[in-house]
A.B. asks: 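To start, I am sharing the structure in question, which I have written as structure tokens.
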Amino acid sequence: MHYNTNEEETCFLSLVPNMASARRLKRVAASQPGFINLKSASDSAGSASSRRKRVNKNKKKNWNKHSDINDIDEFLEDVRHQERTTGGLLSEKSDDSLFFLDIGQPKKAEQKEEEPVEGKKRKGKASRPLRIDLILQHDSLVQPPKDVLAYQQPNAKKLRRIAQKAEQLAAKGVVPRRQKQLLNRRPVDRTVKKAVTEANNNPDREYYDIWGQESKNTADPWYLQQTGKKLVKRPEKLNEKPSVLPAVEVIAPGGSYNPDFFSHQALLQEAHDIEVKKQKEEDKIARQLAVNRADTATEETVFNEQVEGLVEEENEEEEAALDEEEEDGAVGAIVLADKKTEKKRKRERAEKIKEQQRLADRRQNDRRQQLFQLRSIKASIKQQDQKTQAKQIQRKAKQEAQKAQPRRLGKLKFQPQDMEVQLSDELAGSLRRLKPEGSVLKDRFKSLQKRNLIEPRERAKFKRRLKLKYVEKRAFREIT
Amino acid sequence: MGGLQKKKFERGSATNYITRNKARKKLQLSLPDFRRLCILKGIYPHEPKHKKKVNKGSTAARTFYLLKDIRFLLHEPIVGKFRDYKVFVRKLKRAYGKTEWSAVERLKENKPTYKLDHIIKERFPSFIDALRDIDDALCMCFLFSTFARTGKCHVQTIQLCRRLTVEWMNYVIASRSLRKVFISIKGIYYQAEVMGQLITWLVPYQFSHDHPTDVDYRVMATFTEFYTTLLGFVNFRLYHSLNLVYPPKLDSKTESELKDEDDYAMNSESYLEKLSALSASLARVVSTAEEEEAQLDQFPVEGEDIETMEAREKEEKQQEAQKKLFEGLKFFLNREVPRESLAFLIRCFGGEVSWDTSVCIGSTYDVTDETITHHIVDRPNIDKQHINRYYIQPQWLYDCVNAKILLPVEDYFLGVTLPPHLSPFVEEKDGDYVPPEKLKIMALQRGEKPVKVTPGKVKVENAARLEQEEKAEEKRLAIMMMKKKEKYLYDKIMFGKKRKIREANKLAAKRKAHDDAEKSDKKKAKTRK
């Protein structure tokens, strides 16, 4: 316990603004339990305490300051405490709620009824409520006050009257406009899985007469164009087929499951020709790559090559003989030309003129003679015409043949599929033993490429962006 | 120098073409999307005549598209749908990554889809245009319907293809428009005549599956997507032209005949399976009672004289007779023959067909039925319990259809070496080699009953012998009167023609030798026994 000395008390009280509040504080402090009255410890000092100041209690100002309401406060506190803890005044409670008669130990059978609740294992922690729930519970049994404003309705009377009128009208059968609109509105057909039914490959999809309906061209074309609703016309060129080949090419009669002898032979011949061609190409490549064994360099030849020109004695004589032969030929090559004289120039000019005259005469003569050669000229012209015509026909035929060929549309060339043909010993005599040859899927795919509908492509390769890193497992590393 | 200078590659063909990558960037699509769009819209790459000019001087191999085509593509509404799909995929991936399952569900329910109806209307403005290009669509749909439903390509696509092909086959049966069949080692070729158009398609065998790796499945799937849409609309129109209900329903009285089987297929699929059995007739919009054969009115075509009209009438009568080829005959298929193909064929020509109940749903009568006229078997021998029916191999049906008459059954009995199956798609001209089997068939068509036919060639039939002799006489005179030069030319032409005949003779001689060799082998085998 800490006792204030007088000095401390006075300086403590000097903090307070006036004497009345100081006395109040003293009073409150004295009323705390376990607090020893200050006045008993020390002598009440001086004039400040011996003469009490006279206070007029009839003034309103002093009602609050100088009235002692401790007892009332205590009483009210007590009442509130009781209400908080027990929900009402204890004096008003019935005897049964406060007291009970102690009969003795209850029977054991009753105890056993209190089995743990279904399902839960009675672990203390699992069955206890959360602490936060406990904290947030109301700890007083006093009901929270009703919010009057929540029950207040502005214009409650008016609203009640309106509701009554509406009831009366509804009883008669008149329905307000809003409600009528709501009732008229059809309920939204929320079909579940809308996407599945609308999908293009839904097996139960509906079809309708697409060519029977007339297109609605009712609106003004200018309006349609301006609002962007005009349908764009398909260009004419797109309606042309990209190839003259038919969609389905029937196999030759030799491809029947039980073919006629000759047609089968013809088919085999075709297949054989293709194979022969392939084999020829392979042979050609092999020939081009072939190296003659004898041409490969042996050690001897290599040595000779390296040593060439280094050994002098034998080669000198041969070189001397060669040199002589060359010199004889080279003597008459260099001759200095003399300057041209006037005579020579004149002569040259005259000759030129004569030559020109001769040529002119000749040309005239030719022209005169052509008159008698008309027939042969005609014949030669006719021949040339025929040649050009034949060439034209050939070129046209080639163009037509080109149309039937698949076009080169991309990087890869079109690879025709292998001919479907069964050898004579593979032919089945009956439909039951027939083994189908070739795949229709591949045939259709190649047909699409042949008719220039798609371009030949190869499968995209799998390229790794980042390099793979190989790491040994630790266990493995320890072993090795 | 006066005037503006012209720069190279700014005018002409260089500006008409655009490379594939540039086109893709212009449309702001990824490469697979661009390819899909081109396939759906029918835009194909072009090979320019002068590659160097178009490629601005270099000769690198590039794919070129016409610039006008790409500009046309810019107006296509499904380009927007492709971009929406890309965004959808991105959002879905994000939702998956964050494990927001409710968001995943919501996104999946609102998946963006597109429709191809307007593209079909644009590419095929009239129904006949669509019919002309239906070959490819049929082949693709038949091909996809034979795929295994493993999930490599969408199972829904396979189901849709199956449904469409079954509808098409039912239409062909109802309209009796099948004309030619050819069994090859690749598959079975059919040709039908629908509304004046000859349509050929190829059906692969049911169990030949080796999926080659160098086929681009995405491209094929895109084509199939387009073709299924097209085929569906065409089917609709065809069914309505025949007054049949679309989607097809089985006729009420025949449906009651078909017993309701639970052990064949699930309920949802059993209807399709019953339809695909091809053994029942279809329901009509306006049920018509059996009408008598109405006499066709004679409409004389302008500019036609009586002869051509008579020829046309004769042809039409022949066609009508051909449509009823198997009428009145009852067939039973054994277990080892290809059921669908044969059922299709038989029903197309008016016959009745059934099979063992363990094979497929929809068998109408049992093997013990006494009224069965032909029993189709493919085994070397079978114990023949019933006397009043023929046991024949399936090639008889195909050959009858191609020959347009009922061929004699003796050549097709069990254990007999079958005559070769000839292709009906081959047209033989004058002077070409014709196999003796074909000659025999032609003789049968004329109504003769040949016992033995020697190998020979086609000869022009003489209507009136005298007339021909006169003509020949005139020809000889004309040849004598030709000038030397013209004669020379004429000799050349005749030499070429005679060469063909000589070759045909050679082949005939070869065939004879082959036949003789076979005969001697047979004789040896007989004597040995």
Side-chain angles (χ1 to χ4, degrees), chain A residues 192-195 198-203 205 207-212 232 234-235 237-238 242 246-248 250-253 255-263 407-411 420-422 429-432 434 436-445 448 452-455 457-459, chain B residues 42-45 47 61 63 68-69 72 75 109-111 113 116-117 120-122 126-127 135-136 139-140 143 154 156-157 159-160 163 182-187 189 200-202 204-205 208 210 212 215 219-220 225 232-233 236-237 336 378 393-394 418 420-423 425-426 435 507 514:
Chain A
V192 187
K193 310 278 182 179
K194 166 177 85 112
E198 265 196 24
N200 258 333
N201 56 2
N202 180 21
R205 62 167 291 180
Y207 292 101
Y208 55 91
D209 191 3
I210 197 174
W211 290 284
V232 184
R234 190 180 166 93
K237 239 191 167 185
L238 282 178
V248 179
V250 185
I251 199 173
S256 156
Y257 90 105
N258 183 7
D260 171 47
F261 176 70
F262 281 116
S263 28
R407 318 256 88 215
R408 179 78 188 270
L409 290 170
K411 203 158 65 158
E420 285 118 1
V421 82
Q422 278 189 341
S430 82
L431 202 52
R432 180 174 52 98
L434 170 66
E437 186 87 19
S439 151
V440 178
L441 176 63
K442 199 161 178 189
D443 167 68
R444 290 275 94 219
F445 187 61
L448 290 171
N452 306 325
L453 298 177
I454 48 179
E455 51 175 10
R457 275 178 94 215
E458 63 181 9
R459 214 188 161 124
Chain B
I43 301 220
Y44 313 117
E47 190 191 6
T63 321
K68 280 203 184 136
D69 295 349
F72 171 63
H75 298 284
E109 264 178 44
N110 297 332
K111 180 173 168 174
T113 55
L116 298 174
D117 306 354
I120 292 195
K121 187 78 203 278
E122 174 198 300
S126 77
F127 177 56
D135 288 7
D136 229 348
C139 285
M140 206 65 107
L143 172 65
H154 290 168
Q156 289 188 322
T157 313
Q159 284 175 326
L160 181 62
R163 166 191 153 195
F182 179 45
I183 315 175
S184 75
I185 49 182
K186 239 195 314 199
Y189 287 89
T200 321
W201 71 96
L202 166 64
Y205 287 115
S208 62
D210 51 333
V215 171
V219 161
M220 302 299 268
E225 192 183 344
F233 285 119
F236 183 93
R237 191 64 184 238
E336 68 273 355
D378 207 0
Q393 304 192 36
L418 293 167
H421 176 63
L422 302 164
S423 164
F425 292 100
V426 159
L507 280 174
H514 173 81

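A quick note: this is a predicted structure, and the numbers were derived from the prediction, not measured. Just so it is clear: chains get the letters A, B, ... in the order the sequence lines come, proteins before strands, and each one is counted from 1. Scope of the values below: all heavy atoms of this structure, side chains included, with no hydrogens, waters or symmetry mates.
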A.B. asks: Measuring from atom CG of A/Asn202 to atom NE2 of B/His154, what distance do you get when rounded to the nearest 0.5 angstrom?
C.D. replies: 12.5 Å
A.B. asks: What heavy-atom pair brings B/Tyr189 and A/Ile251 nearest, and what distance separates the two atoms?
C.D. replies: OH-N, 3.6 Å
A.B. asks: Nearest 0.5 Å, please: how far is CZ in B/Phe72 from CG in A/Leu238?
C.D. replies: 6.5 Å
A.B. asks: Would you say the side-chain atoms of A/Arg444 pair up with the backbone N or O of B/Met140, donor to acceptor, closer than 3.5 Å?
C.D. replies: no
A.B. asks: Out of A/Gly429, A/Pro253, A/Gly255, return the one with the most heavy atom pairs under 4.5 angstrom to chain B.
C.D. replies: A/Gly255
A.B. asks: So, taking the atom named CD1 in B/Ile185 and the one named CG in A/Asn258, what distance separates them when rounded to the nearest 0.5 Å?
C.D. replies: 12.0 Å
A.B. asks: I need the residue from B/Asn110, B/Asp69, B/Leu160, B/Leu418 with the largest number of non-hydrogen atom pairs under 4.5 Å to chain A.
C.D. replies: B/Leu160
A.B. asks: Taking every heavy-atom pair that is under 4.5 Å apart, which of A/Ser263, A/Pro242, A/Pro246 has the most such pairs with chain B?
C.D. replies: A/Pro242
A.B. asks: Quick one: what part of A/Leu453 sits under 4.5 Å from any heavy atom of chain B, side chain, backbone, both or neither?
C.D. replies: both
A.B. asks: A/Ile454 versus chain B, heavy atoms under 4.5 Å apart: side chain, backbone, both or neither?
C.D. replies: side chain
A.B. asks: Taking every heavy-atom pair that is under 4.5 Å apart, which of B/Gly42, B/Gly187, B/Ser126 has the most such pairs with chain A?
C.D. replies: B/Ser126
A.B. asks: Mind ranking A/Arg407, A/Glu437, A/Arg234, A/Lys411 by heavy-atom pairs under 4.5 Å with chain B and telling me who comes out on top?
C.D. replies: A/Arg234
A.B. asks: Go through the atoms of A/Arg459 and report whether side chain, backbone, both or neither lie under 4.5 Å from a heavy atom of chain B.
C.D. replies: side chain
A.B. asks: Quick check on A/Asn452 against chain B: is it the side chain, the backbone, both or neither that has a heavy atom closer than 4.5 Å?
C.D. replies: backbone
A.B. asks: Counting heavy-atom pairs under 4.5 Å to chain A, which of B/Ile120, B/Thr200, B/Asp117 comes out on top?
C.D. replies: B/Asp117
A.B. asks: Any Lys/Arg nitrogen of B/Glu336 or A/Arg432 sitting under 4.0 Å from an Asp/Glu carboxylate oxygen of the other?
C.D. replies: no
A.B. asks: Taking B/Asp378, B/Thr63, B/Thr113 one by one, which has the highest count of heavy-atom pairs under 4.5 Å against chain A?
C.D. replies: B/Asp378
A.B. asks: With A/Glu420, which residues qualify under salt bridge (charged side-chain N to carboxylate O under 4.0 Å, His left out), at least two apart?
C.D. replies: B/Lys186
A.B. asks: Counting only non-hydrogen atoms closer than 4.5 Å, does A/Arg457 touch chain B with its backbone (N, CA, C, O), its side chain (CB onward), both, or neither?
C.D. replies: side chain
A.B. asks: Hey, what do you get for CG (B/Leu507) to CZ (A/Phe261), rounding to the nearest 0.5 Å?
C.D. replies: 10.0 Å
A.B. asks: What heavy-atom pair brings B/Val215 and A/Lys442 nearest, and what distance separates the two atoms?
C.D. replies: CG2-CA, 4.1 Å
A.B. asks: Any chance you could measure A/Phe445, atom CZ, to B/Leu143, atom CG, to the nearest 0.5 Å?
C.D. replies: 12.5 Å
A.B. asks: Using a cut-off of under 4.5 Å for heavy-atom pairs, which of B/Leu422, B/Val219, B/Asp136 has the most such pairs with chain A?
C.D. replies: B/Asp136
A.B. asks: How far apart are the closest heavy atoms of B/Phe233 and A/Tyr208, and which atoms are they?
C.D. replies: CD2-O, 3.1 Å
A.B. asks: Can you name the closest pair of heavy atoms from A/Ser256 and B/His421 and give their distance?
C.D. replies: OG-O, 2.9 Å
A.B. asks: What pair of heavy atoms forms the shortest contact from B/Arg237 to A/Gly212, and how long is it?
C.D. replies: NH1-N, 3.7 Å
A.B. asks: Where is the tightest heavy-atom contact between B/Ala61 and A/Arg408, given as atom of each residue plus distance?
C.D. replies: CB-NH2, 4.3 Å
A.B. asks: Taking every heavy-atom pair that is under 4.5 Å apart, which of A/Asp443, A/Val248, A/Leu409 has the most such pairs with chain B?
C.D. replies: A/Leu409
A.B. asks: What's the spacing between B/Lys121 NZ and A/Ile210 CD1 if we round to 0.5 Å?
C.D. replies: 6.5 Å
